[in-house]
Amino acid sequence: MFDSLSEKLQAVFKNLRGYGKLTEKNVADALREVRLALLEADVNYKVAKDFIEKTKQRALGQEVLNSVTPGQQIIKIVHDELVALMGEDERQSADKSAHSKAGNWMMVGLHGCGKTTTCGKLAKLLAKQGRKPLLVACDVYRPAAIDQLETLGKQVQIPVFSVRGETDVVKISKQAMSFAQSQERDLVIFDTAGRLHIDQELVQELVHMKEALAPQEILLVADAATGQEAVNIAEHFDKALTITGIVLTKLDGDARGGAALSMRAVTGKPIKFAGVGEKLDDLEPFYAERMAGRILGMGDVVGLVEKAQETFDAEKAEEMQARIADQSLNLEDFLSQLQQLKKLGPLENLLGMLPGMGKMPDLSVGESQLKRIEAIIQSMTPMERRRPEILNAGRRTRIARGSGTSVAEINDLLKQFNAMKKMMKEMGKMQKAMARKGVLPKMRLGR
Amino acid sequence: MGLFQKFRDGLRKTQEKLTTEIKRIVTRGPKLDAESLEELEATLISTDIGVDTAVKIVELTKEAAKQSGQVDVFAIARAEIERELSFGESGSSPTVATDTKSGHAAAWPSVLVKAPQPPTVILLAGVNGTGKTTSTAKLAHLLKEQGNTVLLAACDTFRAAAIEQLKIWGQRVGCEVIAGQYGADSAAIAYDAMEAAINRKVDYLIIDTAGRLHTKKNLMEEMKKMHRSLQKKAPTAPHEVLLVLDSTTGTNALNQARTFHQALGVTGLIVTKLDGTAKGGIVVAIARELKIPVKFIGLGEQVDDLQPFDPKQFAEALFAESPETRRM
C-alpha cells in the first residue's frame with residue numbers, strides 16, 4: 001500500500017535533474033510527499049507540520065551534491081532531522097539509567113501496551129548488567145495480572161513481590177521497598193495496572209505511588225502501533241507524573257512507529273528501550289537512527305547488520321562482504337548465509353529490517369521454505385554450488401530427486417539467487433557512491 | 001449509561017479541539033484556498049480515518065464550495081464516514097434501535113450470525129494487548145444476558161497467566177472454561193472445547209486466542225490450524241471470526257486487519273478502549289478497503305461495557321459540532 005518514499009520523491013524530481021540547488025518549489029513539492037509519508041506512519045499531524053517547517057528551512061538553498069539526486073538529498077535531510085529530534089543516540093541514556101545507583105522504577109501506560117511483559121524483560125536485561133532487580137506486582141485490577149508477573153519472574157529468575165488481596169498500591173509499594181532492602185535488591189521495578197490517561201482517579205493512584213516511592217525512573221510504556229492518540233497519551237501521563245522516558249513495544253510488528261516521533265516531540269523525553277519480540281531477551285536500547293529509517297519506510301539496515309554481528313563471527317562477515325563487493329557470491333555462500341540466518345531467529349523479524357521489503361513478497365519465505373532451500377543446495381555437488389550456471393536440466397532433475405523437491409522449485413531458487421545477487425550489486429554501488437559523497441554514513445561492519 | 005454516551009464523553013475534549021481547528025481553517029478566508037484544504041486534510045487525518053478517506057472528504061468539500069459558498073465540512077465528513085462504514089448503502093449494516101432498558105437488546109440478534117445448529121462458534125483474534133480476553137468475557141456476558149448458554153475456550157497457552165485470567169472472568173460471568181496446559185497445542189484445545197460444546201449442547205462457544213503480531217508467519221499458521229480443527233467437528237465453524245482492535249492503534253490496524261482477514265476470513269471487528277480519547281477512526285479505512293463491519297465496541301473495564309456498533313452514531317460522535325460552530 002505504501003509506495004516507498006524514495007520512489008515518490010523520485011517522481012517529484014523526475015523533471016528536475018541537473019538542478020544545482022534545491023529551490024523553494026521543488027522542496028515544497030517534495031516535502032508534501034514527506035508530510036504524507038509521516039502521516040501514514042502515524043506521526044501526529046501537528047508534529048508533522050512543525051517538523052516539515054523546520055526541515056524546509058534547512059533544505060532551502062542547499063546545494064545538491066554531485067551524483068546524488070535531489071530526492072535522495074531531501075531524504076537525507078529529513079532523515080537527519082528525524083534522528084536529531086528523536087535524540088542522537090539513546091543508547092547512552094539507556095545505559096546511564098541502567099548503571100545509576102539503587103532506585104525504584106515505575107512502569108506506567110495504557111491497557112495492553114505491554115507493561116508486565118516489559119517489566120520481565122527489563123529485569124532480565126538489568127540482571128545481565130549486574131543489577132539485582134526485584135519485581136513488584138502493583139496491578140491489582142486485571143484478573144491474573146499478579147500471576148502473570150510471577151510467572152515471568154520465574155522465567156527470568158528474578159524474585160517477585162506481591163500482596164494478594166491488597167488493593168492499596170501505596171501500601172504494597174511501601175512493603176515492597178522494605179522487602180527489597182531486607183533482601184538487598186538494588187533495583188525495584190513496579191508493574192502498574194493499565195489505565196486510560198484521562199481516568200483521573202486511576203492516574204491519581206499513580207501520583208500517590210510516585211510520592212511514596214520517589215522513583216528514579218518513570219517509564220511510559222507505549223505500543224509502537226499507536227496512532228494519532230500518542231500525543232494525548234504522552235502529554236497526559238507526562239503532565240501528571242513527569243515521566244523520565246518512554247519504552248516502545250511491539251516493534252517486531254510492521255508498524256512504522258510514527259508514535260515515537262510524536263511522543264518525543266510533545267514530551268521531550270527520550271525513548272529509552274524498545275521491545276522487539278515475544279521472548280524475554282527481546283528488549284533493546286532505542287536507536288533513533290533505525291527508527292528514522294523505519295518511519296520513512298527505508299528499512300533498518302543498520303539494525304540488521306548489528307543483529308547479524310551478534311551471531312555472525314566477524315571474520316566470516318568480512319569475507320562475505322568482500323564477496324558481495326566483488327560479486328563472486330555463490331550458492332555455497334548462500335547456504336552458509338542461510339544457516340547463519342537461522343541463528344538470527346524468526347525470519348519475519350529480519351525481513352522487516354530490509355529496505356523495500358514490502359515490495360518483494362517473493363522473498364518473504366517462511367521457515368519451512370528455508371529448509372527446502374537448504375535441502376536443495378545440500379543435494380548439489382560442491383562444483384554446482386560454486387558455479388550454479390552449470391546446472392543443466394539433467395542436474396536439476398537429479399537434485400530435485402535428491403532433495404525431495406521439484407525442478408520448478410530449483411528454478412525458483414536460482415532465479416531468487418540471481419535476483420539477490422543483482423540487488424546486492426546495486427546496493428553495493430549505491431552505498432559506495434553515497435559514502436564517497438558523505439551522504440549516508442557508511443554501514444558499520446567491524447566493531 | 002446511554003449508547004455511545006461514554007464514547008462521546010471521552011471524545012469531548014479532543015472533539016472540541018478538532019471542531020475549533022476545522023472551524024478555524026474553513027472560516028479563515030472568504031475562499032478555501034489550497035493551503036486551507038491541505039490543512040483540513042491533515043486535521044481530518046488526525047482522527048486516524050486514513051489518508052484516502054481524508055482526501056475524499058477534502059475533494060467533496062472542494063466541490064461543494066464550488067457550487068455554493070456555504071460548506072458544512074462536518075456534515076460532509078459525517079455522511080462520508082457513515083457511507084463507508086455501512087458499505088455504500090445507508091441502513092444495510094446492523095443499525096441499533098435504542099432499546100429503553102438495556103440499550104442493546106433490540107439490535108442484538110442482527111449483530112452476530114447464528115449457526116443453524118448450535119453451538120455458534122465465535123473465534124476472537126488480534127495482536128497482543130488489544131483486549132481479546134476481556135472482550136471474550138464481555139461477549140459471554142452479553143450472550144448470557146440474552147438467555148444463552150455459553151462455553152469459553154482458553155486457547156491462549158502462550159502468555160503467562162492468560163488461562164488464569166480467563167478462568168477468573170469465567171467465574172465472574174458464570175461460564176465454564178475449557179483449558180489446557182501452558183505450551184499446549186491451541187488447536188487441540190479448540191477441538192476439545194468444540195467437542196465439549198456439542199456434548200453439552202451449549203448455544204455459544206467463544207474461543208479466546210493468544211495475541212500474535214500479524215507479521216509472525218508461524219503464529220498465523222497456528223491460527224489457521226486452530227480454525228481447521230474447529231471445522232472437523234462442524235464444517236461451518238467458526239461462524240464468526242472477530243478481530244479485536246485497540247482504538248489507539250493508528251494506520252497499522254489496517255495491516256493487522258488485512259493479514260488476519262487473509263488468514264482467517266474476519267467477519268467483524270471489536271474495537272476496544274473507546275472510552276478514552278482515541279477515536280478509532282481507523283475502522284473507516286478498514287471498512288473502505290476490506291469491507292469488514294464493526295460489530296462491537298468496548299467502552300471500559302466493566303463486564304457490561306461492550307456495545308453493538310452503530311455507524312451513524314459513530315460518525316456523529318466523531319464529527320460532532322459544538323453549538324457555536326454549527327453555523328459556518
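A, B, ... follow the sequence lines: proteins, then strands. Residue 1 opens every chain.
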**Q** Donor-acceptor check, side chain of A/Arg294 to backbone of A/Ala255, threshold 3.5 angstrom: yes or no?
**A** yes

**Q** Taking the side chain as C-beta and beyond, is there a heavy-atom pair between B/Glu289 and B/Leu254 under 4.5 Å?
**A** yes

**Q** Counting only heavy atoms not in B/Lys167 (residues, nucleotides, ligands), do more than 12 fall under 6.0 Å from its NZ?
**A**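 No, because the 6.0 Å sphere around NZ of B/Lys167 holds 12 heavy atoms or fewer from other groups.
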
**Q** Before you tell me yes or no, could you show the steps for A/Tyr141 and A/Glu205 under side chain to side chain donor-acceptor pair (under 3.5 Å), namely the whole-Å CA-CA distance, both residues' side-chain angles and the distance that decides it to 0.1 Å?
**A** CA-CA 12 Å; A/Tyr141 300 102; A/Glu205 183 188 275; 2.4 Å; yes

**Q** Run the side chain to side chain donor-acceptor pair (under 3.5 Å) check on A/Asn232 and A/Glu229 step by step: do they pass?
**A** CA-CA 5 Å; A/Asn232 286 330; A/Glu229 217 16 45; 3.2 Å; yes

**Q** Which residue out of B/Glu41, B/Lys273, B/Glu38 racks up the most heavy-atom pairs below 4.5 Å with chain A?
**A**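 That would be B/Glu38.
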
**Q** Top residue by heavy-atom pair count (under 4.5 Å) with chain A, among B/Gly211, B/Gly50, B/Gly131, B/Ala161?
**A** B/Ala161

**Q** Let me know if B/Phe158 has heavy atoms under 4.5 Å from chain A in its side chain, its backbone, both or neither.
**A**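 Only the side chain of B/Phe158 comes within 4.5 Å of chain A.
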
**Q** Of all of A/Ala259, A/Ala48, A/Gly112, which one pairs up most often with chain B through heavy atoms under 4.5 Å apart?
**A** A/Gly112

**Q** With a 4.5 angstrom heavy-atom cut-off, is it the side chain or the backbone of B/Asn128 that approaches chain A, or both, or neither?
**A** both

**Q** Tell me, for B/Glu39 versus chain A, whether the close heavy atoms (under 4.5 Å) come from the side chain, the backbone, both or neither.
**A**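 Contact with chain A involves the side chain of B/Glu39 alone.
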
**Q** Could you have a look at A/Val231, A/Thr226, A/Thr151 and say which one has the most heavy-atom pairs with chain B under 4.5 angstrom?
**A** A/Thr226

**Q** Which bit of A/Asn44 is near chain B, if near means a heavy-atom gap under 4.5 Å: side chain, backbone, both or neither?
**A** neither

**Q** Could you check if a side-chain atom of A/Thr249 sits within less than 4.5 angstrom of a side-chain atom of A/Val221, using non-hydrogen atoms only?
**A** yes

**Q** Looking only at heavy atoms and a cut-off of under 4.5 Å, which of A/Asp42, A/Leu196, A/Leu152, A/Ile146 has the most pairs with chain B?
**A** A/Asp42

**Q** Examine whether an atom of B/Thr134 lies under 4.5 Å from a heavy atom of chain A, and if so say whether it belongs to the side chain, the backbone or both; otherwise answer neither.
**A** neither

**Q** Could you tell me whether A/Gln155 atom CD has more than 12 heavy atoms of other residues or ligands within 6.0 Å of it?
**A** yes

**Q** Go through the atoms of A/Lys154 and report whether side chain, backbone, both or neither lie under 4.5 Å from a heavy atom of chain B.
**A**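 No part of A/Lys154 comes within 4.5 Å of chain B.
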
**Q** Looking at chain B, which one of A/Glu150, A/Arg35, A/Lys49 has the largest number of heavy-atom pairs inside 4.5 Å, strictly under?
**A**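 Most heavy-atom pairs within the cutoff with chain B belong to A/Arg35.
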
**Q** Among B/Ile45, B/Thr47, B/Val51, B/Ile163, which residue forms the greatest number of heavy-atom pairs with chain A at distances under 4.5 Å?
**A** B/Ile45

**Q** Hey, could you give me the CZ/CD1 distance between B/Arg288 and B/Ile282, rounded to the nearest 0.5 Å?
**A**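 Reported to 0.5 Å precision, the distance equals 12.0 Å.
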
**Q** Do the side chains of A/Phe51 and A/Leu38 get nearer than 4.5 Å, heavy atoms only?
**A** yes

**Q** Quick one: what part of A/Leu149 sits under 4.5 Å from any heavy atom of chain B, side chain, backbone, both or neither?
**A**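 A/Leu149 has no heavy atom closer than 4.5 Å to chain B.
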
**Q** Is B/Leu44 close to chain A through its backbone or its side chain, or both, or neither, when contacts mean heavy atoms under 4.5 Å?
**A**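 Answer is neither: B/Leu44 stays 4.5 Å or more from chain A.
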
